Protein chains: 2
Amino acid sequence: MNSSDEKRPSGCPIAFGLDVFGDRWTLLIIREMMFGEKKTYGEFLAADEAISTNILANRLKLLESEGIVDKRRDPQNFRSFLYELTPKGYDLAPVMLAIIDWSGKHDKRPDRLTAMVERVKNDRDGLVKQIQQRREDAAKRSSN
Amino acid sequence: MNSSDEKRPSGCPIAFGLDVFGDRWTLLIIREMMFGEKKTYGEFLAADEAISTNILANRLKLLESEGIVDKRRDPQNFRSFLYELTPKGYDLAPVMLAIIDWSGKHDKRPDRLTAMVERVKNDRDGLVKQIQQRREDAAKRSSN
DNA sequence: GCAGTCAACTTGCGTTTTGCAAGTTGACCT
DNA sequence: AGGTCAACTTGCAAAACGCAAGTTGACTGC
């Protein structure tokens, strides 16, 4: 799938976004890359929520075809691949932060002050700057 | 489903949010209420993207059980119901705006400057204030 | 240079979710 | 009382998902 194979040709920007990342897993994979600094297929598989391997492969392929994720060989370990966000992928940071804010406010289960919520509360600017920096690094990478 | 029937007990705020609205339709229904001022089942059905009736009924039920949507009889037309966002629902506005921003930036198809993208670009503050006002109205409604 | 391991997938298959169409229920209207 | 309208509900075929097992290509050690 890419943007020209539209599932919903409505022209609405919400629908456009949902066509790309409106499912249960895509944003969790992006989370691993954006906040968790995870980069390999195996690391994504090992993440907390236990995505199944065929779904992971499918989503990574879609994200790559959308230009949200970049895949390359790991120079240090040539049998492994590195998946990294492109600038377009890092541009999803505000969406991620908004979701974290909403969940931090409305998750009423006990003991749910997670590290991520805390970090956004205590040092949002630092986090945003860090992501901004990585976005620039990604931009340089792709211009080489 | 509600928050205590967790699909993914990871404690991650992204996963928490996705458990609530991480599918193809939920945020589109919320969009109708937040920006389109649509309130009835029939109006949601008639929206651009043509959600099917069983999915719509299911999602409205879930949103109600999550406390994101409030359902009541239409005082003017007693055979109809009004679905309206609760304050918790209006708190999703930053998520919606972030998605609109991202799509406005990255939807490369021609002729895709939609009304919503334009409005957010040209009068974001006015839009935010309007939603804030409606959120307060909703808060008053529920305290009665 | 062959045997084993590791990382990244792919395939098969049963279960769940979705999507379309048609049917039901409860107001309201005449 | 007969018809319409709004809001669902039900049935069933198609698609997506989730688990487990198998395959492929790169490195590693003997």
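No experiment lies behind these values; they were computed from the predicted model shown.
Between the C1' atom of D/dA6 and the NZ atom of B/Lys38 lies a distance of 16 Å, rounded to the nearest Å. If you take CD of B/Glu64 and C1' of D/dC8, they are 13 Å apart, rounded to a whole angstrom. Across the protein-nucleic acid pair, B/Tyr41 atom OH and C/dA27 atom C1' stand 17 Å apart, rounded to whole Å. One interatomic measurement links the two molecules: CG of A/Asp74 to C1' of C/dA7, which rounds to 11 Å at whole-angstrom precision. Computed from coordinates, the B/Arg73 CZ to C/dG26 P distance equals 11 Å when rounded to whole Å. Rounding to whole angstrom units, CG of residue B/Leu82 and C1' of D/dA6 are separated by 12 Å. In this entry the distance linking NZ of B/Lys61 with P of D/dA7 reads 15 Å, nearest Å. Distance A/Leu45 CG to C/dA8 C1': 9 Å, rounded to the nearest Å.
Using a 4.0 Å cut-off between charged nitrogen and carboxylate oxygen, A/Glu49 and A/Arg24 do not count as a salt-bridge pair.
For the side chain to side chain contact (heavy atoms under 4.5 Å, CB included) criterion with B/Lys38, the lone passing option out of B/Arg31, B/Glu43, B/Met33 is B/Glu43.
Contact check, A/Arg79 against D/dT24: no side-chain N or O comes under 4.0 Å of OP1 or OP2. Between A/Lys71 and C/dC9, a side-chain N or O to OP1/OP2 separation shorter than 4.0 Å is present. In this model, the phosphate group of C/dA7 is not approached by any side-chain N or O of A/Lys39 to a distance below 4.0 Å at OP1 or OP2.
Applying the side chain to side chain donor-acceptor pair (under 3.5 Å) rule to pairs touching residues 72-82 of chain A yields A/Arg72-A/Glu84, sequence neighbours excluded.
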At a cut-off of 3.5 Å, list every protein nitrogen or oxygen paired with a nitrogen or oxygen from nucleotides 16-22 of chain C, distance to 0.1 Å.
residue	atom	partner	partner atom	Å
C/dT18	OP1	B/Arg59	NH2	2.9
C/dT18	OP2	B/Arg59	NH2	3.4
C/dG19	OP2	B/Trp25	NE1	3.0
C/dG19	N7	B/Asn54	ND2	3.0
C/dC20	N4	B/Asn54	ND2	2.8

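Counting all heavy atoms, side chain and backbone alike, B/Ala93 lies closest to B/Ile131 at CB-CG2, 3.9 Å.
Closest contact between the side chain of A/Phe81 and the listed nucleotides C/dA8, D/dC8, C/dA27 involves C/dA8.
Formation of a donor-acceptor pair under 3.5 Å by the B/Thr26 side chain with backbone atoms of B/Phe21 is not found in this model.
Between B/Tyr83 and B/Phe44, the ring planes lie tilted relative to each other; the angle falls in the 30° to 60° range.
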Set out, in order, the CA-CA distance, both residues' side-chain angles and the distance that settles side-chain contact (heavy atoms from CB on, under 4.5 Å) for B/Arg124 and B/Asp101, then state yes or no. CA-CA 11 Å; B/Arg124 192 186 196 96; B/Asp101 288 338; 2.8 Å; yes
